[in-house]
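For the single chain, residues carry numbers from 1 onward in sequence order.
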Amino acid sequence: KETNAENALAAIRSSSTDLGSPNTKPSDALPEDLMKAWASIPQSVREALVQSENMMMTATENSDKSSTGEIHSAGSSSGNNESSLGSDDGAAASSNYPLVEEDPISGAKIVLKPLERAPKNVFSFVKTHVDEKEEVVKKSSSTVTTKTTVSTTGRGWRNIFTLPISYDVNMVQHGTLLDPSNPELLMSTGVHPEGYNRRFAVIDEAVEKIYGPQIRNYFVQRKIDLTTVILNGGEPDKRPKAVDTILDAMCAYKLRRREPFLAIGGGVILDIAGMAACLYRRGVPFVRVPTTLLAIVDASVGVKNGVDYCCDLTGESYKNRVGSFYAPSSCLLDPAFITTQDKRNISNGFSEIMKLALVRSSDLFELLEAHGPALVESRFAPNPTTPPGVSDRIIDLSIQIMLEELGPNLWEYKLDRCVDYGHTFSKLLEMVPGADIMHGEAVNVDGFFCCVLSYLRGYVEMDVVQRVFAAMKAMALPTNSPDLDSKLAWQSCKDAVEHRHGQQRIPLITGIGESICVSDITPDELDRALEVMKQFNHYN
């Protein structure tokens, strides 16, 4: 049977081209006696022989491709962190190994083989690096060239695991999230054993003052004992100490490893709570419940969490310098919370929407032009001049645009990001000691300054800059700051180079709804933009 099997395999090998034709059957390509010999072999033996043959052929093909410099695995520098290794495709796992690739940095040849008990995740490898050196020595009568080749081999293991990131951003029926008859809030905290009747929540101090009784009544009506941590949600309190406060409370509460807790408040509270969730027991689930316009369209959508950090060595404070990428288990969005914000906070939230309109959507910009001022005045409540559904459309568009930009790049492997518009100069504006400027306000000042930079580069005409300026002022958004000067602007560019890995990568608009990233802004260019800024009446 071994001889028959070898004959059959040899015939299959030599006839592989014919067998690849969709109109060719194995019986047409192989002699009848070989087909009978092949059929006489037990099925398990036939499968093992075919698998062995496929692996030998694949290794040979990959080795040939490797010699031409082609790379065959996730070791490439594309930055998308996706790989054929660790694939859920069982067929690929059985036929694509041993796999040969080239290290994009050292040029070493790497041969990987899956381990039997974890073939989709763990691979043994052998690395071979060949270093060739050439030394030329000139003598009086001749030139001597010496070539030296040094080959080194190493071995090890590669572990591949793709994080299954999935979270729902849920739009809740307007004004119903804290209604005891609506189970969504409680259901978001997970399924627990019968009789487990307690929950944990981090709540913004401003939210506690307005909605505290409703929140507690919701859980009382559902016979749940609620433990809360109340924190100030202002930017000055976005510090590591606030994270420690939550961690202490979690330890006292004895939060379970798979028990989601609630984070209810504005963007600062969501950032702090997300940081605590990432750290406690190396990661516990949490549910975002944003209560401000800014948090609804920005902080609640992505996976970034963090705090500002004051460095003892430099004596300086850094915006969002310490943080993590950690996704919530879910988000619950109820726009009814917006109506209890004051006008300044609502304008503050519109800044992030304006940012998205400028870099991605002329339709969204036109909605802001037409209806933004009335929505600020009415605090997002129904009003005579805003058609029904417009406010929901603005929020929906903003969230969809953010998710479209963040979704394929959650971990920011790609650093040229249009959603960084307004986030180059704003960081230092916010950190100026004693400055009375909110996050969204700083973002908008940055955004308008970038509009002027776009104008100086010829990307947009002055009428576009004036149109943007008029829309911003109509929504009570600041367009300049006394702290925006040459020194701060250039330091912001240098900080951007550090944060964005060696390049400025500053987004500029090329039209309303279109943008590019640039990395060659100069101090002289910033000074000229500051001069142009003086042409606008910013403070009336």
Side-chain angles (χ1 to χ4, degrees), residues 51 54-55 58-59 62 66 70-106 108-129 154-169 190-191 247 250 255-261 273-288 301-306 322-331 403-415 417 501:
Q51 183 177 9
N54 283 338
M55 291 184 69
T58 302
N62 285 338
S66 179
E70 186 175 345
I71 299 172
H72 304 280
S73 89
S76 70
S77 58
S78 61
N80 62 8
N81 205 37
E82 294 181 1
S83 170
S84 59
L85 305 181
S87 168
D88 289 334
D89 188 339
S94 65
S95 63
N96 289 343
Y97 298 102
L99 180 138
V100 180
E101 69 177 31
E102 182 179 297
D103 188 298
I105 299 175
S106 68
K109 177 182 176 182
I110 307 173
V111 179
L112 299 110
K113 293 183 179 180
L115 298 191
E116 182 179 357
R117 298 190 68 175
K120 297 178 182 178
N121 301 97
V122 186
F123 306 82
S124 64
F125 65 73
V126 175
K127 291 184 179 180
T128 304
H129 183 263
R155 66 182 184 87
W157 296 266
R158 180 179 295 179
N159 189 24
I160 303 291
F161 188 81
T162 302
L163 286 175
I165 301 299
S166 174
Y167 58 97
D168 290 348
V169 179
V191 178
L247 295 176
M250 287 176 169
L255 188 76
R256 294 182 176 183
R257 186 89 177 262
R258 298 289 179 262
E259 179 180 354
F261 72 92
M275 188 72 178
C278 174
L279 294 173
Y280 190 76
R281 298 188 186 277
R282 299 186 179 89
V284 294
F286 76 111
V287 180
R288 286 178 177 155
V301 178
V303 298
K304 292 201 291 190
N305 311 281
V322 178
S324 63
F325 292 102
Y326 190 73
S329 53
S330 67
C331 306
L403 287 174
E404 286 170 355
E405 291 299 321
L406 300 181
N409 191 32
L410 274 180
W411 265 246
E412 297 184 9
Y413 295 113
K414 181 182 176 183
L415 294 174
R417 305 186 329 131
H501 197 60

(request) Please report the shortest heavy-atom distance between G302 and R288, naming the atom on each side. (result) O-NH1, 2.5 Å

(message) Strictly distance-based, threshold 3.5 Å: is any side-chain N or O of H501 a donor or acceptor partner for the main-chain N or O of L415?
(response) no

(message) Keeping N159 on the side-chain end and V122 on the backbone end, is there a donor-acceptor pair under 3.5 Å?
(response) no

(message) Could you tell me if the side chain of K304 sits less than 4.5 Å from the side chain of F325, heavy atoms only?
(response) yes

(request) State, to 0.1 Å, how close M250 and A276 come at their nearest heavy-atom pair, and which atoms those are. (result) CE-CB, 4.4 Å

(request) Could you grab the distance from atom CH2 of W157 to atom CZ of F125, nearest 0.5 Å is fine? (result) 8.5 Å

(request) Using modelled atom types only, decide if a donor and an acceptor are shared between the side chain of N305 and the backbone of Y326 within a distance under 3.5 Å. (result) yes

(message) Return the NZ to NZ distance between K127 and K109, rounded to the nearest 0.5 Å.
(response) 15.0 Å

(message) Can you confirm whether F286 sits close enough to P260 that some side-chain heavy atom of one is under 4.5 Å from a side-chain heavy atom of the other?
(response) no

(message) What's the separation between atom OH in Y280 and atom CG in L247, rounded to the nearest 0.5 Å?
(response) 8.5 Å

(request) Would you check if S124 and L115 make a side-chain contact, meaning some heavy-atom pair closer than 4.5 Å? (result) yes

(message) Tell me the closest heavy-atom pair linking G306 and M275, and the distance in Å.
(response) CA-SD, 4.3 Å

(request) Locate the shortest heavy-atom distance separating F161 from P164; write the atom from each residue and the value. (result) CE2-CD, 4.2 Å

(request) Would you mind reporting whether I165 and W411 have side-chain heavy atoms less than 4.5 Å apart? (result) yes

(message) Taking the basic N atoms (NZ, or NE/NH1/NH2) and the acidic carboxylate oxygens, is any pair closer than 4.0 Å for E412 and R417?
(response) yes

(message) Quick one, V303 and Y167 - any side-chain contact, counting heavy atoms below 4.5 Å?
(response) yes

(message) With rounding to the nearest 0.5 angstrom, report the CD to CZ distance, E259 to R281.
(response) 10.0 Å

(message) If you define the side chain from C-beta out and look only at heavy atoms, does anything of P114 sit under 4.5 Å from K120?
(response) no

